[in-house]
Amino acid sequence: MPDFKIIIIGGGVVGLAIAHRLSKKHHHILLLEKHERWGMETSSRNSEVIHAGIYYRHGSLKAAFCVQGREELCVLCSQNNIPYRNITKIISAANETELTKLESIQQNAAHNGVKLEFLDKAATLKLEPNIRTFGSLYSPLTGVISVHGLMEYYYRTALAQGAMVHMRCEVVGIEKGQSDYEVMIDEEGTRSAITGEIIVNAAGLCSDTIAGMAGIDVDQAGYRLNYVKGSYFAVTSSKSKLLSRLVYPVPQNEGLGVHALLDWNGRLKFGPDVEYLQNRVQDYTVAETKRHIFGDAVRRILPAIADDDLTPDQSGIRPKLQKKGEPEKDFIIVHEKERGLSGFINLIGIESPGLTSSPAIARYIETLLI
Ligand SMILES: Cc1cc2nc3c(=O)[nH]c(=O)nc-3n(C[C@H](O)[C@H](O)[C@H](O)COP(=O)(O)OP(=O)(O)OC[C@H]3O[C@@H](n4cnc5c(N)ncnc54)[C@H](O)[C@@H]3O)c2cc1C
């Protein structure tokens, strides 16, 4: 008899959402997190946007989970006092060429069931008088959420439903047994082993490493992650009232483009940029030297911002499956039965919109257990 029915590796927003969901029906669930507290990696280093589901390819897990997750998060937030605001968003065209691109964005969103309204220049300026624009798409469904509030809710509810959470507990090895898995753990230098019937790998930036521990050839499976840093700059408080909603540019290459965000303290921030890291060091410093490049990107949206108005702020690292220049890849969420790993579930490449998708991903994991 294994020690636990389900062992979840990783206490980010996704691992916590899964613990919250599965503990409604299952007993003997254990979540392992290597840091002293949950949510200290990507989950606390993002834009905190509840995405509507505009850009993701129709039929992808990203599109489906984002749309379902958004709906579910809004209900969850209002019923459980989790701070969120339906702040809305516009995608603004900075020139005539970009104006024509708005149409395909609108069509893609419509395929995903997301309605966007086209606003001409005058109508856009009525909403946001300080931006540079030729016209825009208005998304009434985009919001912002306190990701800490959400994680706290998932965590507390999971505990109340009987799940256990061990912090400062790093998974360092996995061995497949006859009908269970032996999970080797390191707790501040002390090593031991526990067994679980089902393993859910929600280890974010290390999810490919965990898959490797289970014996999967990560490169052959296409699970190797690229670390892609996104930095933010904050705008001086005297200019933070120049916008009243999220303003995004028309996406150029990778990422959604440096965009304007309003955080919980009413601070105006711009980011995240896209920087492929050469190695897998989790360095979250925001380089001062990026100020001018950021200034240029910011002025495409808000011309009144000078370089001196910008201060380096937070950064986060995306666990991306695609290498630089490759097309966007979908989330990988799979029960690895076909690799002979019955009961082992991998979640790899859970970049944006992972936060928005978290309740929908958790529901999906539940179906994979049947
Ligand atoms: C710059 C940026 C902006 C973003 N903006 C948005 C947004 O606005 N909206 C949105 O929906 N999404 C956004 N995202 C994406 C979102 O943040 C992620 O999809 C989400 O946080 C992923 O959660 P996770 O639980 O999978 O990963 P993580 O938060 O990384 O959690 C994984 C956990 O696993 C733990 N772990 C790793 N290895 C081990 C081990 N060996 N043993 C034990 N524990 C381990 C880690 O310590 C970590 O706590 C953004 C991401 C970035 C980087």
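Heavy atoms only: backbone and side chains are in, while hydrogens, waters and symmetry mates are out. Both ligands and their constituent atoms are indexed starting at 1 by order of listing.
For Val13, a nitrogen or oxygen atom sits less than 3.5 Å from a nitrogen or oxygen atom of ligand 1, counting backbone and side chain alike. Residue Arg45 has no nitrogen or oxygen atom sitting less than 3.5 Å from a nitrogen or oxygen atom of ligand 1, judged on distance alone. Between Arg318 and ligand 1, no pair of N/O atoms sits closer than 3.5 Å. For ligand 1, the polar-atom distance check against Val14 finds a nitrogen or oxygen pair separated by under 3.5 Å.
Within the structure, salt bridge (Lys or Arg N to Asp or Glu O under 4.0 Å) pairs that include any residue of residues 67-77 comprise Glu72-Arg363 (at least two apart or interchain).
Phe294 has its ring centre no less than 6.0 Å from the ring centre of Phe270. Remark: aromatic rings of Phe344 and Tyr181 are close, center separation under 6.0 Å. Taking the six-membered ring where the residue is Trp, the centroids of His20 and Tyr153 are separated by under 6.0 Å.
Between Asp308 and Arg291 there is no salt bridge, since no side-chain nitrogen of the basic residue lies less than 4.0 Å from a carboxylate oxygen of the acidic one. We find that Arg339 and Glu336 are joined by a salt bridge, their nearest charged nitrogen and carboxylate oxygen being less than 4.0 Å apart. Glu182 and Lys176 are not joined by a salt bridge, as no carboxylate oxygen comes within less than 4.0 angstrom of a charged side-chain nitrogen.
Of the protein's heavy atoms, Thr42 OG1, 3.4 Å lies nearest to atom 30 (O) of ligand 1. Closest to atom 34 (O) of ligand 1, if we only count protein heavy atoms, is Gly10 CA, 3.2 Å. Scanning all protein heavy atoms for the shortest distance to atom 16 (C) of ligand 1 gives Leu355 N, 3.9 Å. The protein heavy-atom contact nearest to atom 5 (N) of ligand 1 is Ser47 N, 3.2 Å. In terms of protein heavy atoms, atom 21 (O) of ligand 1 is closest to Ser43 OG, 2.9 Å. Distance from atom 42 (N) of ligand 1 to its nearest protein heavy atom, with residue and atom name: Val171 N, 2.9 Å.
Within the structure, the closest approach of Cys169 to ligand 1 falls below 4.0 Å when heavy atoms are considered. Ligand 1 lies less than 4.0 angstrom from a heavy atom belonging to Ile210.
For Ala203, heavy-atom contacts with ligand 1 shorter than 4.0 Å involve the backbone as well as the side chain. Contacts of Ser358 with ligand 1, taken as heavy-atom pairs under 4.0 Å, are absent altogether.
By the 4.5 Å heavy-atom criterion applied to side chains, Leu369 and Ile345 are counted as neighbours. In this structure, the side chains of Tyr56 and Val67 stay at 4.5 Å or more apart for every pair of heavy atoms. In this structure, the side chains of Val286 and Phe233 come closer than 4.5 Å at one or more pairs of heavy atoms. Two residues are said to be in side-chain contact when any heavy atoms from C-beta on lie closer than 4.5 Å; Arg191 and Glu170 fail this criterion.
Using a 4.0 Å cut-off to heavy atoms of Gly354, the atoms of ligand 1 that qualify are 11 (O), 12 (N), 19 (O). Taking every heavy atom of Gly316 and a limit of under 4.0 angstrom, the matching atoms of ligand 1 come to 53 (C). Remark: ligand 1 atoms within the under-4.0 Å shell around heavy atoms of Cys206 are 37 (C), 38 (N). Atom numbering of ligand 1 starts at 1 in the shown order; those under 4.0 Å from a heavy atom of Glu48 are 8 (O). The Gly12 neighbourhood of ligand 1 comprises atoms 25 (O), 29 (O), 31 (O), 33 (C), with distances under 4.0 Å to a heavy atom of that residue. Residue contact check: Ile317 has heavy atoms under 4.0 Å from atoms 53 (C) of ligand 1. Of all the atoms in ligand 1, the ones that sit under 4.0 Å from a non-hydrogen atom of Gly11 are 33 (C), 34 (O). Set against the non-hydrogen atoms of Gly204, the atoms of ligand 1 under 4.0 Å away are 27 (O), 30 (O), 32 (C).
Remark: Lys24 NZ is packed, more than 12 non-hydrogen atoms of other residues, nucleotides or ligands lying under 6.0 Å away. Atom CD of Glu175 is surrounded by 12 or fewer heavy atoms from other residues, nucleotides or ligands within 6.0 Å.
Evaluated by nearest non-hydrogen atom to atom 43 (C) of ligand 1, the leading choice among Lys62, Lys34, Glu351, His35 is Lys34. Atom 3 (C) of ligand 1 has its nearest heavy-atom neighbour, among Phe65, Trp38, Tyr232, Tyr227, in Tyr232. Of the options Ile9, Ile18, Asn46, Ile350, the smallest heavy-atom separation from atom 50 (C) of ligand 1 is shown by Asn46. For atom 8 (O) of ligand 1, the nearest non-hydrogen atom from the set Val274, Val49, Leu261, Leu31 belongs to Val49. Here the shortest heavy-atom distance to atom 14 (N) of ligand 1, taken over Ser352, Ser357, Pro353, Gly271, belongs to Ser352. Comparing Arg37, His259, Glu33, His51 against atom 33 (C) of ligand 1, the shortest heavy-atom distance belongs to Glu33.
Checking Ser92 against Ser136 by side-chain atom types alone, no donor-acceptor pair falls below 3.5 Å. Between the side chains of Ser231 and Tyr284, not a single donor N or O lies within less than 3.5 Å of an accepting N or O.
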Intermediate values then yes/no, side chain to side chain contact (heavy atoms under 4.5 Å, CB included), Arg245 and Lys89: CA-CA 6 Å; Arg245 58 181 50 67; Lys89 144 175 169 175; over 6 Å; no
